[in-house]
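In what follows, every chain begins at residue 1, and chains take the letters A, B, ... in the order their sequences are listed.
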There are 2 protein chains.
Amino acid sequence: MDLVIRDIETLLTMDSDDGLGRLDGAAVGFRDGRVAWVGPSDKAPDAADNLSGKGLIGLPGLVDCHTHAAWAGSRAPEFEARLAGAEYSAILEAGGGILSTVRATRAASEAELVDATRTRLLAMRSRGVTTVEVKSGYGLSVADETKQLKAAAQAGEQAGVHVVTTWLGAHTVPAEHRAHREAYLKQLIEEQLPAVASLASFADAYVDRGAFTIAECEQLFGAAKASGLGLRIHAEQVTYTGAAALAARLGASSADHLEHIDAEGMAAMAAAGTVGVMLPGAMLYLRDPAPPIEALREAGVRLAVATDYNPGTSPVVDLWTAATLASVMLRMTVTEVLRGITVEAARALDLSDRGRVAVGMAGDLVLVRPPVGEPAEPSVLVQHMACHRAEHVVIGGELVGT
Amino acid sequence: MDLVIRDIETLLTMDSDDGLGRLDGAAVGFRDGRVAWVGPSDKAPDAADNLSGKGLIGLPGLVDCHTHAAWAGSRAPEFEARLAGAEYSAILEAGGGILSTVRATRAASEAELVDATRTRLLAMRSRGVTTVEVKSGYGLSVADETKQLKAAAQAGEQAGVHVVTTWLGAHTVPAEHRAHREAYLKQLIEEQLPAVASLASFADAYVDRGAFTIAECEQLFGAAKASGLGLRIHAEQVTYTGAAALAARLGASSADHLEHIDAEGMAAMAAAGTVGVMLPGAMLYLRDPAPPIEALREAGVRLAVATDYNPGTSPVVDLWTAATLASVMLRMTVTEVLRGITVEAARALDLSDRGRVAVGMAGDLVLVRPPVGEPAEPSVLVQHMACHRAEHVVIGGELVGT
């Protein structure tokens, strides 16, 4: 082995269909960048490098499966306006919200975007996040969407974090196209899509009041799928539109938000294996109602949890905080939440090689020290808010800084 | 000067009756442990030590004016029970909640309590908190209440953080006195109070359903006041009892929680100068309704914000997270929130020598770097959640580690 971490107090492998795959006193070995051995510490093989996991909780490297981390500009003025009572939809209609971030992101150079995004990815990594989905959607033109996607990928390389890129040209209709949205849809399909198809793994769309319609999304997703992109969607956040059912029908990997999803949408998602991504940060900041978590659970929809990290509606970089919010606001169980930031988040990104600690998986592992006085139990990771930093992070079989 | 911090991008002195006391490009000088100079950086005096505050936001050392940080044991099992639907009042009545922490804290040695509390105080200090109120209330006997108060003070000395101790013998009736609560009240007044009077600055009581009554509190507070202790109170959290009005009438420094306060209570607090301490962490975890913040504001009640850091109902060590929650959940303004964790929090502790940056004040200052890409504006400190660490902390005029 290149590296073995021994005596991990509590290892949550997630190598189970619905549990935590807990092993006490386990070791994990890495070779050639992947997990090559998992088992009782006293039977672990020799290794060139060795590290003790005593007193620590081990998990697969965390996966933040929904972020907008490659932005420029500030939404602090909007935050103060919202505290004074302005609704997000009103801010949006007045050219604020997403549109102000679009202006700033268009004005930023690719190098500036790389710098800012790298700093954000390193902040995530220090908490144990090793795979981050980053969406475009603040460019909304061929040049600016490709710039954003390239910047996200480059920032990931510089930060040593796996970045999965998603093209979100259909985030909103840009200001210059407000009067002729069909022209923007045409640009999306005929100009942006060919330019981004080699830069992104997924296409995403924001289907809601004030954003895109079901019909527009279906047209766009048909073209994206034909270009080889996977699909994911912002669905049922502000109003019910039927976007979740559409996503399931088109074979999307995830449908995210879901505050207003109906029974038909849930059944379709469960049948199609479309993961529901819970974004409690946006719920908190927008004071949205909670998604119908019990109904989603009963329908058999797999659930992930992500930060939705963005400068306006979820300025929450810390995936552990999103995890705690998912439990206290949505009453997701500890097991659901911890699976939701690992194996189910990987599933939401169509990644079967991570999110679990098992032989052959990506060599990504995080070790966290429980808060002082707490036992190395999974629940303490969710119960205590806004305090977990990674004690050690392994990415691709190598220890990296935290 | 012993130390001058120069070129502070944005200094929020809080040296104002209701604003942030903002100075751009300011310097702060320290001598003999206190603030000795504040003004434009280009006019700042010479100093033995110098530090640049370029790009940073400066504030008075933060004050966390309501914590229960000196505990032993774990409440993780209770957290899982609550996720499964159990109400806190039911857990309390079944001997869980506070009572389980009482058992663990009684079983812990003073040295063990010092160690755990010191670690927690250092976590707070790394975020820029320089003064922390720590309550007892998990001992509930003469020996264990004094042990807890001594441990809190000693942990403060070891961590280099100012600790203000509050005796909370009236946190709950301990299990052995459930059948004869009047005997516990007698013990509080005749045995605990004389033993803790020299160890605590304040007496506190939890007046609510399942805890202490108004009449019991009035008797206790009369004795505490006569023993030279200041007063503070847990009031109107689960049910309305009139505790806030009582606190104001008795001259309490603060009344905390206030979810169910009435107009009479607000008027009494405003007239008496009793600070209302908002504890959004407990609100979030207990899914309590928000205090009537607009009415409190209109009544002229001064508002502070604290973590309520405790192992059960608010496992939130990060005062910045409490600040963000206060804005997004209570719609407190940025100015209210930032004053609430500095000058108003100091007022809640009857401390007139801190919470502001002005000549003669305690030499406690924190410098925070805005999240990448954000300007050095006060709002970004509140808008971005769970991410602020102190870049520099000055306590008693000296730079300490973060």
Side-chain angles (χ1 to χ4, degrees), chain A residues 71-80 82-85 104 108 112-113 115-120 122-123 281 284-287 311-312 314-318 320-322 324-325 327-329 331-337 370-375 377-387, chain B residues 71-80 82-85 104 108 112-113 115-120 122-123 281 284-287 311-312 314-318 320-322 324-325 327-329 331-337 370-375 377-387:
Chain A
W71 81 82
S74 172
R75 297 268 281 278
E78 172 191 324
F79 180 72
E80 298 213 67
R82 285 221 310 272
L83 288 180
E112 287 166 341
L113 276 184
D115 283 350
T117 308
R118 182 187 58 241
T119 301
R120 293 177 191 130
L122 287 172
L284 177 73
Y285 276 75
L286 296 174
R287 304 165 76 96
S314 191
V316 180
V317 70
D318 180 21
W320 291 113
T321 293
T324 298
L325 291 174
S327 74
V328 296
M329 296 175 70
R331 299 221 187 228
M332 286 177 74
T333 66
V334 168
T335 297
E336 284 172 337
V337 164
V372 63
E374 295 286 355
E377 289 293 322
S379 53
V380 307
L381 296 174
V382 182
Q383 186 202 16
H384 284 263
M385 188 173 186
C387 62
Chain B
W71 82 80
S74 172
R75 298 269 280 278
E78 172 191 325
F79 180 72
E80 298 213 67
R82 286 222 310 274
L83 288 181
E112 287 166 341
L113 276 183
D115 283 350
T117 309
R118 181 188 58 242
T119 301
R120 293 177 191 131
L122 287 172
L284 176 72
Y285 277 76
L286 296 175
R287 304 166 75 100
S314 191
V316 181
V317 70
D318 180 21
W320 291 113
T321 292
T324 298
L325 291 175
S327 75
V328 294
M329 295 176 69
R331 297 219 188 230
M332 287 178 73
T333 66
V334 168
T335 297
E336 285 172 337
V337 164
V372 63
E374 295 286 354
E377 288 294 321
S379 52
V380 305
L381 296 174
V382 181
Q383 186 202 15
H384 284 263
M385 187 171 186
C387 63

Query raised in the report: Among A/Ala116, A/Pro370, A/Ser314, A/Pro77, who wins on heavy-atom pairs under 4.5 Å with chain B?
Result: A/Ala116
Requested in this report: Find the one option among A/Ala108, A/Ala84, A/Ala76, A/Gly281 whose heavy-atom pairs under 4.5 Å with chain B are most numerous.
Outcome: A/Ala76
Go through the atoms of [X] and report whether side chain, backbone, both or neither lie under 4.5 Å from a heavy atom of chain B.
{"X": "A/Ala123", "answer": "neither"}
{"X": "A/Trp320", "answer": "neither"}
{"X": "A/Leu286", "answer": "neither"}

**Report entry** Side chain / backbone / both / neither for B/Thr333 at chain A, heavy atoms under 4.5 Å
**Finding:** backbone
Query raised in the report: Side chain, backbone, both or neither: which part of B/Met329 has an atom under 4.5 Å from a heavy atom of chain A?
Result: both
Query - Atom pair CG (A/Leu325) and CG (B/Leu325), whose distance is rounded to the nearest 0.5 Å - result: 7.5 Å
Query raised in the report: Say you draw a straight line from CG of A/Leu284 to OG1 of B/Thr324; how long is it, rounded to the nearest 0.5 Å?
Result: 9.0 Å
Would you name the heavy atoms of [X] and [Y] that are closest together and state the gap between them?
{"X": "B/His384", "Y": "A/Tyr285", "answer": "C-OH, 4.2 Å"}
{"X": "A/Met332", "Y": "B/Leu83", "answer": "O-CD1, 3.5 Å"}
{"X": "A/Gln383", "Y": "B/Arg75", "answer": "NE2-O, 3.5 Å"}
{"X": "A/Ala386", "Y": "B/Asp318", "answer": "O-CB, 4.0 Å"}
{"X": "B/Arg287", "Y": "A/Val328", "answer": "NH1-O, 2.7 Å"}
{"X": "B/Val317", "Y": "A/Cys387", "answer": "CG1-CB, 3.8 Å"}

Requested in this report: Kindly write out the residues that satisfy side chain to side chain contact (heavy atoms under 4.5 Å, CB included) with A/Glu80, not counting sequence neighbours, or none if the list is empty.
Outcome: B/Val334, B/Ser379
Report task. Flag the one option from B/Pro378, B/Ser327, B/Gly373 with the top tally of heavy-atom pairs under 4.5 Å to chain A. Result -> B/Ser327
Query raised in the report: Between B/Val380, B/Thr117, B/Val382, which residue shows the highest count of heavy-atom pairs closer than 4.5 Å to chain A?
Result: B/Val382
Query raised in the report: salt bridge (charged side-chain N to carboxylate O under 4.0 Å, His left out) with B/Arg82: which residues, sequence neighbours excluded?
Result: B/Glu78
Report task. Measure the shortest side-chain to side-chain distance between B/Val372 and A/Arg120 over non-hydrogen atoms and say whether it is less than 4.5 angstrom. Result -> yes
